Trainee: 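Have a look at this one before I ask anything.
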Amino acid sequence: MPNITHLKTTTPTARISPRFYGHFAEHLARCCYDGLWVGPASSIPNTRGWRNDLIHALQQMPVPMVRWPGGCYADHYHWRDGIGQRTPRLGISCGTRVTDTNELGTHEFMDLCELLQAEPYLAGNMATGSVQEMCDWLEYTSGTADTSVTRERKRNGRANPWDVKLWGVGNESWDCGGRYDARTYAAEFKRYAVMMKHVDPSVELVAVGNDEVAASRADHMQNDWNDLFMDHVQDHLDLVDQLSVHTYWIDGGSETGFSEEHYYTLLAEADTTEEAIVRAKTTIDKYARGRKDIKVALDEYGVWHPETRPWGPGPHVEDRPFNFEQANTIRDALSVGIALEGFHRQARILGLANLAQIVNVLQSVAMTDGEKMFLTPTYHALKLHEHHISGMGFGVEVQTERLFGQQRVSATASQKAGVTTLTVINRHISESSTVHLHDLPEVLLEARMLSASSPDAVNSHSDPERIQLQPLDAHRKGNVWVVDLPAHSMATLRFRHA
Ligand code: AHR
């Protein structure tokens, strides 16, 4: 007798913001240089320096927002080095120190955003920069008045402002961003935020926060940071629009060849992302007391495997280059799907999210090597979610077995333009799951799934299409749609209402 899961959608929750599907491009290892950016003189086909195969792939999936230039890199970055005559500098992030030519600067990043139709999210330097430097960057990107700063932008080839709304004031300021204590950060944040909002009152400022559970496991993170920060700014709520939290899933053991226990541990860890969002919002609201709806900005999240970090649980690997490049299996793709379920459920309190990072680094959607490129299972997982974006989220009631402390089958649903979109994950490592979908329309527009022969299957330069989207068979039995989901798989079905 197959194990049957019953699933039905319930009531509307909140609109699924495109900003939940953001990406993160840091000047770190081969994410920007030699990843997205090959430069206009490269023999690799490119558009004004951005490699064409990658841009084309990114245009086919949701990239509604990109955070740049860091990360830890942001607190060493001086934007003037990357406009006009470029200034080579030491590019520093996460223990790496390289020559950064600054060939890729503000104009180039904005060009990328225009190519992808993505909203820019700029991370400002609060550790080695100044308030004036951040204000000038804002004026350079968004100013309309005729000033020396906007004239400079025009001289550099851009007449109209880009009108950048999202600004991060520092990054991980409790550690790589200067090891501030929370109260000092809050006092500095106010100074930056007042001046930024003088320059452009319409900017949305993201303050640095952290997650108290993650903090309790790491060095230099104060686990009462959010409390102390919010306490300090509680009478200055006009300055804070979002509070940032970073969540990396680190407990899954090896990137490939992991045990069954580690398989489920990683998926359970992805589930806890929702708890981190709720925790941060609870602290925010304790101090905001209904006076302002400050959102949570999950501006870095994803899997960070031990093979590419010297910290946290292992196993670590000594004999391979420490370059932030890691395997990306179907397990990782399911993890991102699980996190997205939480984002949709918390659509009222989440402001934005950025998967770390877009190419080559950490949980990337594509890997490059010279002329070659392949798409990871995570790319396909995001592609499976594209129709949820801007839809109205719906609750989903799932009756299913419990498995290693989590649901055997989990799901998310939304509605847009008379179409219900349902994405379902079979988390079982080795068994298929039969799922009965109740109360859905008779017209099935599309059913596609992402599955793989083994939970640690990957795409690679030698086998780039081993894992890709495939059609899923769905049939109607009475009033119920029935699907059989293979072990460790994810599927999206779309139904048209009459
Ligand atoms: O994404 C890699 C690094 O992780 C970022 O630079 C930093 O913000 C975080 O610690």
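The structure displayed is predicted, hence computed values, not measured ones. All ligand and atom numbering here is 1-based and tracks the order in the structure. Computed from heavy atoms alone, side chains included, the values below leave out hydrogens, waters and symmetry copies.
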Trainee: Inspect cysteines Cys72 and Cys94 and report if their side-chain SG atoms are under 2.5 angstrom from one another.
Mentor: no

Trainee: How does Phe324 reach ligand 1, if at all, at less than 4.0 Å between non-hydrogen atoms: by side chain, backbone, both, or neither?
Mentor: neither

Trainee: For atom 6 (O) of ligand 1, find the nearest protein heavy atom and state the residue, atom name and distance (0.1 Å precision).
Mentor: Glu26 OE1, 2.7 Å

Trainee: Taking a cutoff of less than 4.0 Å between a non-hydrogen atom of the residue and any ligand atom, is Cys94 in contact with ligand 1?
Mentor: yes

Trainee: Hey, mind stepping through His488 and Arg427 against side chain to side chain contact (heavy atoms under 4.5 Å, CB included) and telling me if it holds?
Mentor: CA-CA 5 Å; His488 50 264; Arg427 303 186 185 194; over 6 Å; no

Trainee: Measuring centre to centre across the rings, with the benzene-like ring taken for any Trp, is Phe343 within less than 6.0 Å of Tyr301?
Mentor: yes

Trainee: Looking only at protein heavy atoms, identify the closest one to atom 10 (O) of ligand 1 and say how far it is in Å.
Mentor: Glu172 OE1, 2.7 Å

Trainee: Please identify which atoms of ligand 1 are closer than 4.0 Å to at least one heavy atom of Phe24.
Mentor: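 Going through ligand 1 atom by atom, the ones under 4.0 Å from Phe24 are 1 (O).
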
Trainee: Is Asn328 reaching over with its side chain to a backbone N or O of Ser364, donor-acceptor style, under 3.5 angstrom?
Mentor: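 Side chain of Asn328 to backbone of Ser364, a donor-acceptor pair under 3.5 Å: yes, one is there.
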
Trainee: Hey, does Tyr73 sit under 4.0 Å from ligand 1 if you only count heavy atoms?
Mentor: no

Trainee: Can you tell me the protein heavy atom closest to atom 9 (C) of ligand 1 and the distance?
Mentor: Glu300 OE1, 3.0 Å

Trainee: May I ask you to list the atoms of ligand 1 that are less than 4.0 angstrom from any heavy atom of Gln357?
Mentor: 1 (O), 2 (C)

Trainee: Pull out every atom of ligand 1 sitting under 4.0 Å from any heavy atom of Tyr248, numbered as shown with elements.
Mentor: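 Answer, ordered by atom number: 1 (O), 2 (C), 4 (O).
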
Trainee: May I ask you to identify, for Asn171, whether its side chain, its backbone, both or neither come under 4.0 Å of ligand 1 on a heavy-atom basis?
Mentor: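 For Asn171, the contact with ligand 1 is made by the side chain alone.
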
Trainee: What I want to know is whether Cys72 and ligand 1 share at least one N or O pair that is separated by under 3.5 angstrom.
Mentor: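 Such a contact does occur with ligand 1.
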
Trainee: Would you call Asp100-Arg89 a salt bridge at under 4.0 Å N-O?
Mentor: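 A salt bridge is absent here (no side-chain N lies under 4.0 Å from a carboxylate O).
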
Trainee: Residue-level breakdown please: for Ser93 versus ligand 1, do any non-hydrogen atoms fall below 4.0 Å on the side chain, on the backbone, on both, or on neither?
Mentor: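 Just the side chain.
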
Trainee: Can the ring centroids of Tyr77 and Trp68 be said to lie less than 6.0 angstrom from one another?
Mentor: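 When the ring centroids of Tyr77 and Trp68 are compared, they turn out to be within the sub-6.0 Å range.
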
Trainee: For the ring pair Phe229 and Tyr185, is the centre-to-centre distance below 6.0 Å?
Mentor: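 So the answer is yes for these two rings.
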
Trainee: Please classify the Asp175 to ligand 1 contact at 4.0 Å (heavy-atom distances, strictly less than): side chain, backbone, both or neither.
Mentor: neither

Trainee: Would you call Arg51-Asp53 a salt bridge at under 4.0 Å N-O?
Mentor: yes

Trainee: Yes or no: does Trp304 have any heavy atom under 4.0 Å from an atom of ligand 1?
Mentor: yes

Trainee: List the steps and the verdict of side chain to side chain contact (heavy atoms under 4.5 Å, CB included) for Trp162 and Thr106.
Mentor: CA-CA 10 Å; Trp162 292 282; Thr106 300; 4.2 Å; yes

